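First up is the structure itself, then whatever we jot down about it.
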There are 2 protein chains.
Amino acid sequence: MTQVRPMRADARRNYERLLTVAAEAFAEHGEGASLDDIAKRAGVGSGTLYRHFPTRRALLEAAYVDRLEGFARRADELARELPPGQALTEWLYELCVGTIQVRGMRTLLGCAVTDGDSTLLTACGTQVRGAAERLVSAAREEGSLRGDVEPVELLRLAHGVAGAAELDGGGGESIRRYLTLLTEGLRG
Amino acid sequence: MTQVRPMRADARRNYERLLTVAAEAFAEHGEGASLDDIAKRAGVGSGTLYRHFPTRRALLEAAYVDRLEGFARRADELARELPPGQALTEWLYELCVGTIQVRGMRTLLGCAVTDGDSTLLTACGTQVRGAAERLVSAAREEGSLRGDVEPVELLRLAHGVAGAAELDGGGGESIRRYLTLLTEGLRG
DNA sequence: TACCATGCGGAGAGAGTCTCCGGTCCGCTA
DNA sequence: TAGCGGACCGGAGACTCTCTCCGCATGGTA
C-alpha cells in the first residue's frame with residue numbers, strides 16, 4: 001500500500017526464493033526449521049533473509065498467507081456446491097487437514113483466529129473469519145447449527161480438533177471422527 | 001525396578017533440587033526453558049543436569065509425573081463425590097485447567113495420551129487412561145455419555161479443548177464453554 | 001558510461017545445548 | 001577414624017542456531 005518504490009529486481013528474486021524454500025522447510029521441519037539453513041538453501045546470506053523478514057514469524061506468515069487466503073476462498077466454493085450444514089462441516093474438515101499436513105501452519109492458523117498483532121496476518125485472519133461467518137450464518141438459517149455458536153469459537157474448536165487428531169496420527173479418519181463427536185455431542 | 005544400588009546422598013540431593021527448579025522453570029517459561037539456567041539455579045553444573053536427565057524431555061517428564069498421577073487420583077475422588085456424568089465433566093475441566101496453567105505440561109499430557117516411547121510417561125499415562133476409563137464406563141452406564149466414545153478419544157478431545165481455550169486467553173470460562181459445546185453438540 | 005542508493009553476504013557476537021574428563025567427596029571397610 | 005575406590009561433580013569448550021553490522025557489489029537511472 002505504502003510501497004512507493006518497487007523492489008529492485010535482485011531483491012525481488014531473493015524474496016521469492018526465500019518464500020519458496022521457507023514454505024518447504026516449515027512444512028518439513030515444523031516452525032522450528034533453521035533460518036540460516038533456509039537462507040543457505042535459497043542461496044542468499046542470512047543478512048538478506050533477516051532484512052526481508054525481521055522475525056521468524058514474519059517469514060512463516062509470508063510463506064503461508066496465500067494458503068490461508070485459499071481457505072477463505074474455498075469456503076465460498078463449498079457454500080455454492082453444498083447445502084449449508086454440509087458446507088460448514090466440509091470446510092472445517094479441510095481446515096483441519098491443512099493445519100496438520102503443513103506442519104508450520106498450526107500456530108499460524110491459531111493466531112489468525114486470535115486478535116493478532118501482525119498486519120499481514122490480521123488481514124487474512126479477517127478473511128478467514130469472514131468466511132466462517134458466512135458459512136455459520138447460512139447453517140444457522142438452515143437450522144443445522146445451534147444458534148449461539150460464534151464463528152470464531154468454531155474456528156478455535158477446529159484448531160483443537162486438529163490438535164486432537166494429531167495425537168492420533170493425524171489421519172483424515174481421525175479428523176472426521178472428532179468432528180462428528182463435536183457435531184453430535186457426547187450425550188448418551 | 002533394576003535400581004540395585006541406592007543413589008549417593010549428594011546425587012539424590014542434586015536430583016531433587018533439579019526437579020524442583022525445573023518444574024518452576026517450565027511452568028514459567030514453557031518447555032523451552034534454558035537447561036543451563038535450570039542447572040545454575042539449582043546450584044549444580046550442567047554436566048550434573050545432563051547426567052541425571054539425558055534429554056530435555058526426560059527432565060520435563062520427571063518434573064511433572066507427580067502432577068500427572070495427581071490427575072489420575074483426582075478422577076477417583078470425583079467419582080466418589082459426584083454422579084458419574086458430572087464427575088467426568090468436572091475431571092475433564094480440571095484436566096484442561098492444569099494443561100493450560102502449567103505451561104510445560106501441555107505437550108506432556110498430549111504424549112501421555114499417545115502410545116509413548118518413554119517408560120516413565122507410559123506408566124503414568126496408563127494411570128490417567130485407566131482413570132478415564134473408569135469415569136467413562138460409569139457415565140455410560142448412567143446413560144449420560146454416548147456409548148461409542150473411547151476414553152482415549154475423550155482425553156484427546158480434552159487436549160484439543162484446552163488448545164481452543166488457550167487461543168481465547170485460557171480462562172476457566174472459555175474451557176467451560178468449549179466443554180459445553182462439545183458435550184451438547186453443535187446441532188441446531 | 002558513470003553514479004549512488006539499494007541491497008548483498010558473511011564474519012562474528014551472543015545464547016543455548018551437550019560432552020568430556022580432571023578432580024572431589026561419599027560411604028564402605030578394617 | 002583413616003584410608004581407599006569409585007560414584008559423582010562442575011565447568012571449560014566445541015558446536016549449533018539466531019541475529020546484527022558494515023564494507024562491497026549491483027541494478028536502475030541520467
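Because the structure is predicted, anything quoted here is derived from the model rather than measured. Reminder, nothing fancy here: chain letters follow the sequence lines and each chain counts from 1.
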Taking only Lys NZ, Arg NE, NH1 and NH2, and the carboxylate oxygens of Asp or Glu, determine whether [X] and [Y] approach each other closer than 4.0 Å.
{"X": "B/Glu173", "Y": "B/Arg177", "result": "no"}
{"X": "A/Glu61", "Y": "A/Arg56", "result": "no"}
{"X": "A/Arg74", "Y": "A/Glu77", "result": "yes"}
{"X": "B/Lys40", "Y": "B/Asp36", "result": "no"}
{"X": "A/Glu133", "Y": "A/Arg129", "result": "no"}

Taking all atoms of both residues into account, what is the closest heavy-atom pair of B/Leu108 and B/Leu60, and its distance?
CD2-O, 3.7 Å
With respect to the side chain of B/Arg56, which nucleotide from C/dC25, C/dC8, C/dT17 is positioned closest?
C/dT17
Could you tell me the separation between the [atom1] atom of [X] and the [atom2] atom of [N], rounded to a whole number of Å?
{"X": "A/Leu18", "N": "D/dC19", "atom1": "CG", "atom2": "P", "answer": "15 Å"}
{"X": "A/Arg17", "N": "C/dG7", "atom1": "CZ", "atom2": "P", "answer": "17 Å"}
{"X": "A/Asn14", "N": "C/dC8", "atom1": "CG", "atom2": "P", "answer": "5 Å"}
{"X": "A/Ile38", "N": "D/dC19", "atom1": "CD1", "atom2": "P", "answer": "12 Å"}
{"X": "A/Leu59", "N": "D/dC17", "atom1": "CG", "atom2": "P", "answer": "16 Å"}
{"X": "A/Arg13", "N": "C/dG7", "atom1": "CZ", "atom2": "P", "answer": "13 Å"}
{"X": "B/Lys40", "N": "C/dC18", "atom1": "NZ", "atom2": "P", "answer": "16 Å"}
{"X": "B/Arg12", "N": "C/dG27", "atom1": "CZ", "atom2": "C1'", "answer": "16 Å"}

Hey, which of these two, A/Asp10 or B/His52, hits DNA chain D nearer its 5' end, going by closest nucleotide?
B/His52
Single hit among A/Val21, A/Ile38, A/Leu18 for side chain to side chain contact (heavy atoms under 4.5 Å, CB included) with A/Val44
A/Leu18
Pairs: protein N or O with nucleotides 20-22 of chain D N or O, under 3.5 Å:
none

Would you mind reporting whether A/Met105 and A/Leu68 have side-chain heavy atoms less than 4.5 Å apart?
yes
Hey, does A/Ile175 have a side-chain heavy atom less than 4.5 Å from the side chain of A/Ile100?
yes
Nucleic acid contacts of residues 24-37 of chain B, taken as heavy-atom distances under 4.0 Å to DNA chain C
B/Ala33, B/Ser34, B/Leu35, B/Asp36
